[in-house]
Amino acid sequence: MITVTLPDGSTRHLQSPQSGADFAADIAKSLAKKALAVKINGELRDLSTLIESACAVEIVTADSAEAVELIRHDAAHVMAEAVQELFPGTQATIGPVIENGFFYDFARDEPFHEADLEKIEARMKKIVDRNEPITREIWDRTQAISYFEKIGEKYKAEIISDLPADEPVSIYRQGDWLDLCRGPHLPSTGKLGKAFKLTKLAGAYWRGDSKNAMLQRIYGTAWVTDKDLKAHLHMLEEAEKRDHRRLGREMDLFHMQEEAQGMVFWHDKGWTLWRMLENYIRERIRAAGYTEVRTPILIDRKLWEQSGHWEKFREHMFTSETENDIFALKPMNCPAHVQIFKQGIKSYRDLPLRMAEFGCCHRNEPSGALHGLMRVRSMTQDDAHIFCEENQITQETISFIELLQSVYADLGFNEVKVMFADRPDMRMGSDAVWDRAEGALKTAVEAAGLDYELSPGEGAFYGPKLEFHLRDAIGRDWQCGTLQVDFGTPGRLGASYVGEDGARHAPVMLHRAILGSLERFLGILIENYSGKFPLWLAPIQVVVATITSDADEYAKSVAEDLKAKGLRVETDLRNEKINYKIREHSVAKVPNMMVVGKREAEEDTVCLRRLGVKDQQFLSLSDAANLLQGEARAPTGQLSKGE
RNA sequence: GCCGCCGUAGCUCAGUGGUAGAGCGCGCCCUUGGUAAGGGCGAGGCCGAAAGUUCAAUUCUUUCCGGCGGCACCA
């Protein structure tokens, strides 16, 4: 007798082992029809899995949260079957589920073309119509390897030979088509449905290593219902409208051109945004006890040799020559900050010393990595280095994380992904020092109570780091903030302080940035607000627009008045109807319009219209100016702290 | 850097082996209109660059440059 517990707490008793499918059928015929898989003791399994001993069982249907995962996984397999039917000789490699969809990597001499996607999609739908049963088989490892080798699937054979010895080799049979897969899968291809779409074609290295062959990757998206698919596609269209490169052009914020690849030409409006953000951060770090410095951009190679950059970061550095020497454009500010620290004798009483710089750094990024403001070759970091004693690391980390969270909240970011990146292969310093640095950072981040994910091998060459990731409009994550623990650089560059014990010690250095690079952060910020910036950041805060030319003089005086109060104002005196002006400035995302006509001019009032709000307010000019002036103040972190 | 796609007016895009078109924007004129597009006229292009095929190339081929989507690399 086998006792099975159902999700509602009830139990059923089986006389003998039974498959998940039969088990579902015993409960209700309708359930059997809807069943896609089973969950046994919380583990997702094929519907054919035998229930052999007492356990908790849940029948997974299209309504279950897991359904979409199964569907995406099967979509990948059905796509691979379709591809191999249409393009014989193509090898299938791996095809996992990803956020919102799936992909499969293929090896084929001929390239796939965009037009092939439609054909493949059509064939996938045929395979769904065929409703091929999907069954699981366990094969002998050697047999499996020789089978895949025989049919020319050398990548599959390689995967099997690399599987851990104790892992069974499970093969899924889908009609006449076979694939190595861990599973689980749907009971048949018909259950997949047709709410999928192939979206893009891309190259991808075998096993993610650029030394390996490049495969052809086909991406797709798949959903439980057609409605979900449509919603997702619509969301992507909307996201495209928020793309910072598009808004940058439409809103006249910045441009880029090929003569200065990866570098930004900031226009007046974009640069206003920049200044507002920079001033805000400057004020926040001043209040948090930082000093601010400015260091050279072009520095002799000798210093980079000492710091280790010449050895570990050389390929990313731009260089320049004089008669005798090679100079490099700084890719980081840290060595320069150590030079300032080294001026005069420092005591432990000077620590922690928090040295900030809006440092302009250049890195020779690979051309394929460049991406609008998000990945540039010339960037300005809101950088700072905290020189401290080892026992101050935890407190400094906690303070930094508090500051960072408060800043992110002020700027409208609530979802932040935190990664802990430990020692990379290419690194400086002994393992013992890395042990200490990683340990110190781990202690500190845990003391700060931060949830984080591990990112193995992704640390900086001089120390482990915390990465704070923000998400762009179409769901790509970008590292913005960071905190890095460095036990090596100060000592390497000869920095020391006199400790309480009277002896000289090398300080620990925390490299940290909140925004990361101003370029990238502004890119993210533009997308996050869809260009509808809060008043304090908006490049144009008010447009004073006239109804008829009778009000031109009054409009000019209103604008002067607002300017005198520190607001960023433009007038619109053009010979256009008010409807036209309103539409144009609304599309341009100007947060406030003041409409003035004869009446306002006579009464010294304005008619205030907020972006996206149909109603208007009639206010005296001074009330309106005071109102906007109050709203236009930059946040100070006080509000976000209480929330 | 690697793979695929793309490059025509300021922007979004049509188009053709016989040197080009639309909408929006821009300029001028008419219109002075009270909350998301009033009307008319006009200017604007070395069809990314170079080479090749051809009587003839923006169109076909090759190479290069740049952009886009990924991969790899990274703030």
Side-chain angles (χ1 to χ4, degrees), chain A residues 103 105 111-117 199-219 243 245-246 249-250 252 255-259 261 313 315-316 331-332 361 363-377 379-383 421 424 426 458 460 465 467-470 474 476 478-482 484 511 513-521 523-524 545-552 574-588 593-600 607-616 618:
Chain A
F103 67 75
D105 284 349
F112 288 116
H113 297 286
E114 222 108 285
D116 295 330
L117 296 186
T199 50
K200 49 194 172 190
L201 211 48
Y205 296 108
W206 166 238
R207 297 202 151 159
D209 187 334
S210 57
K211 289 196 271 299
N212 291 339
M214 180 155 276
L215 307 171
Q216 299 187 66
R217 176 172 295 179
I218 302 178
Y219 283 93
D243 188 308
R245 292 164 299 184
R246 177 178 174 150
R249 186 176 54 239
E250 287 175 358
D252 194 20
H255 87 270
M256 300 174 94
Q257 62 188 50
E258 59 181 277
E259 290 83 353
Q261 238 188 78
F313 211 72
E315 75 216 71
H316 298 287
M332 299 182 192
C361 295
R363 295 183 189 173
N364 194 357
E365 301 291 347
S367 60
L370 301 178
H371 181 92
L373 296 177
M374 303 301 197
R375 192 79 180 270
V376 293
R377 286 187 174 149
M379 60 169 161
T380 304
Q381 298 175 314
D382 67 321
D383 202 7
M426 174 97 113
E458 297 296 319
K465 65 176 175 177
E467 302 177 351
F468 298 86
H469 292 250
L470 297 175
I474 50 177
R476 291 180 289 208
W478 297 92
Q479 183 190 322
C480 290
T482 184
Q484 304 160 6
H511 307 239
I514 297 174
L515 309 180
S517 92
L518 271 93
E519 285 84 356
R520 173 177 292 181
F521 197 88
I524 296 260
T546 49
I547 305 269
T548 68
S549 53
D550 294 339
D552 283 2
R574 289 175 306 170
N575 176 16
E576 297 290 351
K577 291 193 173 167
I578 195 65
N579 280 347
Y580 183 90
K581 295 184 185 180
I582 298 228
R583 178 183 155 77
E584 196 172 88
H585 297 118
S586 299
V587 168
M593 288 192 69
M594 286 184 184
V595 174
V596 297
K598 251 188 223 163
R599 205 190 317 162
E600 288 80 4
C607 181
L608 182 64
R609 187 191 205 276
R610 310 295 195 132
L611 180 60
V613 179
K614 279 232 176 317
D615 295 336
Q616 314 124 45
F618 280 93

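In what follows, chains are A, B, ... by sequence order, proteins preceding strands, each numbered from 1.
- Looking at every heavy atom in both residues, Cys480(A) comes nearest to Ile524(A) through SG-CG1, 4.4 Å.
- Checking G33(B), A75(B), A37(B) against every side-chain atom of Thr548(A), the shortest atom distance belongs to G33(B).
- Across U53(B) and C60(B), the matching C1' atoms stand 8 Å from one another, rounded to whole Å.
- Remark: the backbone N or O of Lys581(A) is not paired with any side-chain donor or acceptor of Glu584(A) at under 3.5 angstrom.
- Closest to the side chain of Ser210(A), from the set U35(B), A72(B), C74(B), is A72(B).
- With hydrogens and angles ignored, the 3.5 Å screen pairs no side-chain donor or acceptor of Asp105(A) with any backbone N or O of Leu215(A).
- Remark: the backbone N or O of Val376(A) is not paired with any side-chain donor or acceptor of Glu365(A) at under 3.5 angstrom.
- Within 4.0 Å (heavy atoms only), Arg245(A) reaches sugar-phosphate atoms of the nucleic acid but no base atom.
- When atom types are taken as modelled, the side chain of Ser517(A) and the backbone of Arg520(A) share a donor-acceptor pair closer than 3.5 angstrom.
- Contacts of Met374(A) with the nucleic acid, taken as non-hydrogen atoms under 4.0 Å apart, include base atoms.
- Distance alone, capped at 3.5 Å, is enough to place a donor-acceptor pair between the Thr199(A) side chain and the Tyr219(A) backbone.
- When the side chain to side chain contact (heavy atoms under 4.5 Å, CB included) test is applied to Gln616(A), the partners found at least two apart in sequence or on another chain are Cys607(A).
- No donor-acceptor distance shorter than 3.5 angstrom exists from the side chain of Arg363(A) to the backbone of His316(A), with no hydrogens or angles considered.
- Taking atom P on both A72(B) and A56(B), the two are 48 Å apart, rounded to the nearest angstrom.
- For Val376(A), the listed nucleotide lying nearest its side chain is A75(B); candidates were G69(B), A36(B), A75(B).
- Salt bridge absent: Arg207(A) and Asp209(A) never bring a charged side-chain N and a carboxylate O closer than 4.0 Å.
- Residues Gly203(A) and Met214(A) approach most closely at CA-SD, 3.9 Å, considering heavy atoms.
- Nearest-nucleotide assignment on RNA chain B puts the 5′-proximal partner with Pro366(A), out of Pro366(A) and Glu519(A).
- For a distance-only test at 3.5 Å, the side chain of Gln484(A) fails to qualify as a donor-acceptor partner of the base of A75(B).
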Discussion item. For a quick check, with a 4.0 angstrom heavy-atom cut-off, what is the B/S/- contact string for nucleotides 2-9 of chain B, read 5' to 3'?
Written reply: BBSS----
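- Considering only heavy atoms from C-beta on, Glu315(A) stays 4.5 Å or farther from Asn364(A) through its side chain.
- Counting only Watson-Crick or G-U wobble pairs whose defining distances are both under 3.5 Å, the stems of 3 or more consecutive pairs in RNA chain B are B:1-7 with B:65-71, B:10-13 with B:21-24, B:26-30 with B:38-42, B:48-52 with B:60-64.
- For a distance-only test at 3.5 Å, the side chain of Glu600(A) qualifies as a donor-acceptor partner of the base of G34(B).
- A distance of about 10 Å separates the C1' atoms of U59(B) and G15(B), rounded to the whole Å.
- Closest to the side chain of Glu576(A), from the set G69(B), U35(B), G38(B), is G38(B).
- Residue Gly208(A) is classed as a sugar-phosphate contact, given heavy-atom separations below 4.0 Å to backbone atoms only.
- Comparing U8(B) with C13(B), their P atoms sit 10 Å apart, to the nearest whole Å.
- The listed nucleotides are A37(B), U35(B), C73(B); the one nearest the side chain of His316(A) is C73(B).
- Residue-level contact check: Cys607(A) touches the bases, meaning some heavy atom is under 4.0 Å from a base atom.
- A donor N or O paired with an acceptor N or O is found under 3.5 Å between the base of C73(B) and the side-chain atoms of Arg375(A).
- The same atom, C1', is picked in G44(B) and in G25(B); the two are 12 Å apart, to the nearest Å.
- For Arg599(A), taking side-chain heavy atoms from C-beta onward, the closest of the listed nucleotides C74(B), G34(B), C26(B) is G34(B).
- Distance from the side chain of Arg476(A) is smallest to G70(B) among C74(B), C26(B), G70(B).
- Between Leu611(A) and Arg249(A), the one whose closest nucleotide on RNA chain B sits nearer the 5' end is Arg249(A).
- Which of G1(B), G69(B), G34(B) sits closest to the side chain of Lys200(A) comes down to G69(B).
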